[in-house]
Amino acid sequence: MENRKLVIGNMKMNMMAEDISNYLKDLQGIKLSERVVICPSSIYIPYFLKQSYSVGAQNIFFRDSGPYTGEVSASQLASMGVHYALVGHSERRGYFRESDQDINKKIVSALKYGLEVVLCVGETLEEKNLLKTARVLKRQLLNDLRNLEGNDWDHVIIAYEPVWSIGTNVLPAKKDIEDTIGYIKGIVSEYFNYDDIPVLYGGSVSERNIEDLNQIPNVSGFLVGGASTNPKSFLKIIEVAVK
Ligand code: 13P
């Protein structure tokens with residue numbers, strides 16, 4: 001993985017069809033687009049392909065094909081030209097009750113079809129208040145990343161997203177982010193023998209705090225939610241982070 005930071009926009013379930021052409025036009029100004037990934041709602045993915053940046057899925061199902069109404073597989077996404085998949089986002093873990101076992105199967109499937117995996121991990125406010133952050137992250141990492149082999153590890157990125165920071169404008173202190181990223185890297189190195197896994201930060205990243213967050217020495221980039229739906233904010237974040 002190169003040293004340049006990666007910026008991933010997770011648009012979640014936002015934007016109407018009529019908004020897309022303006023959004024695409026605004027994003028044509030992206031520089032260094034090889035370090036930018038956009039994850040739109042899956043129905044809009046075709047509009048985002050063939051741009052200068054990469055496209056990611058917000059979710060995948062772990063089976064290849066079959067009677068799974070409403071689901072989209074890693075193989076289908078790869079066949080469309082999608083290069084990344086978010087897996088284990090806290091909104092999937094929370095609202096859709098995704099277990100670590102489901103998430104692990106999704107990761108194995110995504111890697112099988114050549115997608116770059118962005119595994120999201122993070123503690124809830126309750127877990128943080130109970131001082132369980134380290135335990136929760138360790139459980140997520142050890143269970144979600146089972147059964148990887150060979151060069152699979154070169155295609156995995158972790159996104160540390162404290163759940164209490166998502167959409168709240170409440171951020172951890174920079175030093176806490178740095179320490180937690182260090183902890184995540186340490187777990188992956190100790191238990192999976194893979195050194196220096198890239199770890200992104202996500203949670204209320206905006207054009208107002210990006211200069212500050214960008215100074216965290218061990219952060220490999222940012223997973224941006226709300227601000228990625230605003231081209232001006234998203235372009236500013238990219239401009240600062242991808243140098
Ligand atoms: P916000 O940037 O809106 O806080 O969302 C973060 C996130 O969940 C990205 O996956």
Side-chain angles (χ1 to χ4, degrees), residues 1-61 71-89 91-92 106-107 109-120 154-159 161 167 198 200-202 204-207 210 213-214 219-243:
M1 165 125 324
E2 39 176 321
N3 284 331
R4 271 204 179 121
K5 294 206 180 78
L6 186 67
V7 175
I8 304 182
N10 173 10
M11 301 178 78
K12 309 193 179 181
M13 198 174 70
N14 290 303
M15 198 157 300
M16 292 292 143
E18 61 267 27
D19 304 325
I20 290 179
S21 63
N22 277 339
Y23 184 85
L24 290 173
K25 232 178 274 160
D26 289 339
L27 255 53
Q28 276 169 357
I30 290 182
K31 294 190 197 90
L32 297 163
S33 49
E34 70 274 13
R35 302 299 292 157
V36 177
V37 182
I38 301 204
C39 306
S41 289
S42 62
I43 49 165
Y44 300 145
I45 282 176
Y47 297 118
F48 286 80
L49 297 166
K50 305 197 170 59
Q51 305 290 329
S52 58
Y53 40 82
S54 297
V55 177
Q58 296 177 12
N59 178 40
I60 58 167
F61 188 48
E71 295 296 321
V72 179
S73 68
S75 55
Q76 290 176 311
L77 289 159
S79 76
M80 284 290 287
V82 168
H83 287 128
Y84 286 77
L86 304 185
V87 182
H89 192 281
E91 288 149 16
R92 304 283 330 160
K106 290 180 179 208
I107 292 174
S109 176
L111 291 168
K112 178 175 164 194
Y113 289 100
L115 298 177
E116 304 291 321
V117 168
V118 182
L119 167 65
C120 305
D154 298 338
H155 303 283
V156 177
I157 296 162
I158 311 285
E161 296 207 302
L200 315 180
Y201 170 76
S204 296
V205 176
S206 75
E207 75 277 22
I210 187 63
L213 291 170
N214 201 43
V219 73
S220 295
F222 301 95
L223 179 52
V224 185
S228 72
T229 61
N230 176 332
K232 202 171 139 275
S233 305
F234 194 48
L235 287 172
K236 166 79 184 177
I237 291 167
I238 294 165
E239 188 190 304
V240 173
V242 187
K243 289 209 191 86

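Ring-plane geometry between F48 and Y53 is classed as tilted, the angle between the planes lying from 30 to 60 degrees on a 0 to 90 degree scale.
Judged by distance alone, the side chain of Y44 and the main-chain N or O of M15 form a donor-acceptor pair under 3.5 Å. Within the 3.5 Å criterion, the main-chain N or O of S228 finds no donor-acceptor partner in the side chain of S233. Of the possible donor and acceptor atoms, one in the side chain of T229 sits under 3.5 Å from a partner among the backbone N and O of G226. Checking side-chain atoms of N214 against main-chain N and O of V240 turns up a donor-acceptor pair under 3.5 Å.
Here the closest heavy-atom approach between residue A241 and residue V7 is recorded as CB-CG2, 3.7 Å. Nearest heavy-atom pair, A74 versus I60, reported as atom, atom and distance to 0.1 Å: CB-CD1, 4.0 Å. When every heavy atom of G202 is checked against every heavy atom of V205, the shortest pair comes out as CA-CG2, 4.4 Å. Contact record, V82 with A57: CG1-N, 3.9 Å, taken as the closest heavy-atom pair.
The 12-atom threshold is not exceeded at NE2 of H83, counting heavy atoms of other residues, nucleotides or ligands nearer than 6.0 Å. Within 6.0 Å of CZ in F61 there are more than 12 heavy atoms belonging to other residues, nucleotides or ligands.
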**Request:** Just do the side chain to side chain contact (heavy atoms under 4.5 Å, CB included) check on E91 and Q58 with the steps written out, would you?
**Result:** CA-CA 10 Å; E91 288 149 16; Q58 296 177 12; over 6 Å; no
